[in-house]
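Working notes, beginning with the structure itself.
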Amino acid sequence: MGGSAESPKLSDLAKHEVLLKLDNLQPAGSFKIRGIGRLVQKAKLDGKKTAVASSAGNAGMAAAYACAKSGLPCSVFLPKSTPDFAAANISEHGAEVIYHGEIWDEANEEAMKKLVDDSVLYIHPFNHPVIWEGHASLVDELVTQLKGKKPGLVICAVGGGGLLMGVLIDVPVLAMETNGTDSLNQSMKTGVLATLPAIDSIAKSLGTKSVAAEVFEAAKSYPGGVISKVCHDTEAIQSVKNFLAHHKFFVEPSCGAALAATYFADKYLSDIQIGEGPIVNVVCGGSSVSYEMISYWEENAKS
Amino acid sequence: MHSYKYSFKDDSSTLHVKTPLVESPKISTACGYDVLLKLDNLQPAGSFKIRGIGNLVQQGIKQGKTHAVSSSGGNSGLAAAYASARSSIPCHVFVPNSTPKFAAENIKEHAAEVTYYGDNWNAADTEARRHLSEDAIYIHPFDGKDIWNGHATIVDELKEQMKGVKPGLVVFHFSKFRKKVVISKYAPLVCSVGGGGLLAGLILGLQKNNWDDVPVLAMETYGADCLNKSLEKKELVTLDGIGSIAKSLGARATTQEILKLALNYRGKVYYRTCHDTEVIEVVEKFLGDHRFFVEPACAATLVSCYKKEYLNGIPIGQGPIVLEICGGSAVSTQMLETWKKTAFS
């Protein structure tokens with residue numbers, strides 16, 4: 001079971017009990033293994049022999065890790081622009097890294113070419129019902145860990161929406177994005193699935209041009225209510241730094257977006273009807289971090 | 001301050017939790033051995049200390065004690081405050097005047113009363129002891145069987161988690177890296193209280209679990225190498241060459257009893273001394289590799305495998321090397337920047 005922890009400091013800021021769901025402690029460093037792990041295990045049972053993926057980020061790491069643990073050879077296609085450390089994080093788990101094209105779309109296209117027959121598993125970073133089922137295990141754990149007590153609010157970050165899809169239970173969910181990755185927020189505002197012209201934020205792991213259509217539909221019709229809010233890069237970075245000081249965990253700015261809701265509680269939580277139970281802040285993690293990157297983020301933050 | 005509710009609790013009857021044991025592909029590559037990390041940085045109150053202190057507090061309450069007194073401004077004080085808050089008893093922590101504000105705040109966060117007293121730990125501790133009544137639990141930072149038995153649960157968990165595989169080596173950090181006063185280039189560190197609780201706990205745990213042939217490696221930093229010197233001379237050593245300030249702190253390496261445990265341990269206690277600069281470098285590296293921010297004290301343990309030459313001459317067994325990641329709350333990016341400027345090699 002994944003870790004959970006109390007946060008006296010965040011509770012103080014939110015004036016409400018805050019618990020952290022520590023998915024940064026998952027193997028491969030993020031919540032991604034929940035869904036991708038399930039997908040890979042299921043594929044293995046279905047007789048798949050190999051796997052291909054095309055994510056240079058946390059999904060690619062989770063894919064490599066899941067395949068290594070399941071004994072499935074895995075190839076990860078990456079654009080040539082992928083930083084060395086990101087590729088190293090993937091090859092560390094025994095996956096073959098293949099560089100192709102200048103952007104993700106080209107790498108992904110090449111990966112798709114490998115799907116020659118039924119024996120090859122394609123691992124999408126977020127868009128698959130089995131992945132969502134896997135992410136939903138986070139809520140199963142909460143039910144056990146909270147001993148039936150219902151959270152007053154669940155806060156999570158939204159990229160493609162896989163995590164959000166997993167946490168839709170019957171409590172309000174605050175979905176956080178950064179200004180520049182706000183594909184869900186724009187969709188919720190207009191009622192139509194929005195496509196961002198470009199990703200303009202240092203929260204790279206949230207950078208999908210649009211959320212999955214199913215996720216958007218589910219969010220719109222979710223009875224517990226999805227509240228969508230957007231924070232600034234600078235607030236996400238500040239939250240990463242505060243979290244490092246307070247809890248000694250280093251997370252990506254993408255994860256910092258979810259923490260920003262609580263670190264800047266006056267701004268993001270004051271108008272939300274929070275139920276009796278604790279606020280559960282999902283710490284989704286992410287491995288694309290290093291000490292030097294903090295100053296890079298600060299220099300490149302969109303305000 | 002919002003008073004914290006402590007309504008969330010796992011099912012364990014102890015105040016500490018069972019911590020994960022995880023693989024480290026990066027550190028394994030660096031040293032050429034399978035390396036597992038025992039993540040005690042994930043304990044409540046941020047370090048392994050809650051294992052022993054939690055046990056001490058629970059035992060005390062069983063004996064009818066009604067409140068706790070501690071004399072540590074560090075991780076022990078934090079664990080004492082947490083353990084007391086969790087057990088709904090008041091806790092009074094006496095800390096020396098030199099204790100940083102943030103450390104005192106961390107202790108207060110767990111509803112403990114903090115009193116500043118004296119220029120050093122001895123003074124604060126003497127004052128704390130003056131406040132002891134019959135019904136008080138006195139929480140020594142590292143000495144005492146209840147504390148050691150609590151720390152020994154690390155090995156109980158390892159035994160369960162490793163499913164019969166025996167570690168080839170267990171590495172931990174001994175004593176403190178506490179850059180309180182920079183006296184001179186040759187005495188950058190002050191080993192203010194000494195230590196040994198973790199060492200005693202590990203040895204007792206290894207013996208209890210029939211793993212007493214597993215070698216143990218104690219990592220220390222130059223200037224704070226109390227244990228190394230004591231093991232070498234086979235007697236208690238008070239640090240010298242550190243200057244008069246350290247002496248006035250009564251910087252005792254450890255206790256006679258702990259030293260005896262170490263000298264008589266069947267699997268042998270090995271020791272290595274590393275440089276401040278290596279420790280600081282590894283804090284930063286570990287932050288990138290595993291995304292955990294640990295105190296330099298804890299990072300000394302990691303140095304043993306990031307810099308594999310420290311493993312030379314140690315008869316490592318077949319099983320993986322287990323690094324006890326003891327954690328610690330006294331670390332921040334500002335501190336890291338300061339250390340980078342002031343650390344001596």
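Numbers restart at 1 for each chain; the letters A, B, ... are given by sequence-line order, proteins then strands.
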Given B/Asn41, B/Val294, B/Val331, the one with more heavy-atom pairs under 4.5 angstrom with chain A than any other is B/Val331
How about CG on A/Asp84, more than 12 heavy atoms from neighbouring residues, nucleotides or ligands closer than 6.0 Å, or not? no
d(B/Phe293 CZ, A/Tyr291 OH) to nearest 0.5 Å is 6.0 Å
The interface call for B/Glu23 against chain A, heavy-atom contacts under 4.5 Å, is side chain
Would you say B/Lys308 has more than 12 foreign heavy atoms packed within less than 6.0 Å of its NZ? no
Between the CZ atom in B/Arg86 and the CD atom in A/Glu6, the distance rounded to the nearest 0.5 Å is 4.0 Å
Whatever's closer than 4.5 Å to a heavy atom in chain B on A/Lys241 counts as neither
When the 4.5 angstrom heavy-atom criterion is applied to A/His93 and chain B, the contacting part is side chain
Nearest heavy-atom contact between B/Leu42 and A/Phe249 is CD2-CE2, 3.2 Å
Considering residues, nucleotides and ligands other than B/Phe102, do more than 12 of their heavy atoms fall under 6.0 Å from its CZ?
yes
Turns out that what part of B/Ser329 lies under 4.5 Å from chain A's heavy atoms comes down to both
**OP:** Tell me, yes or no, whether the heavy-atom count around B/Lys285 atom NZ, taken from other residues, nucleotides or ligands under 6.0 Å, exceeds 12.
**Re:** no
Applying a strict 4.5 Å limit to non-hydrogen atoms, the region of B/His110 in contact with chain A is side chain
Output for pair (A/Ile294 CD1, B/Leu287 CG), nearest 0.5 Å, gives 6.5 Å
Taking a cut-off of under 4.5 angstrom between non-hydrogen atoms, the residues of residues 31-40 of chain B near chain A are none
When every non-hydrogen atom of A/Lys248 is compared with those of B/Gly328, the smallest separation belongs to CE-O, 4.2 Å
Within residues 276-288 of chain A, contacts to chain B at heavy-atom distances under 4.5 Å involve A/Gly286, A/Ser287
Please say whether more than 12 non-hydrogen atoms of neighbouring residues, nucleotides or ligands are located less than 6.0 Å from CD in A/Gln273.
-> no
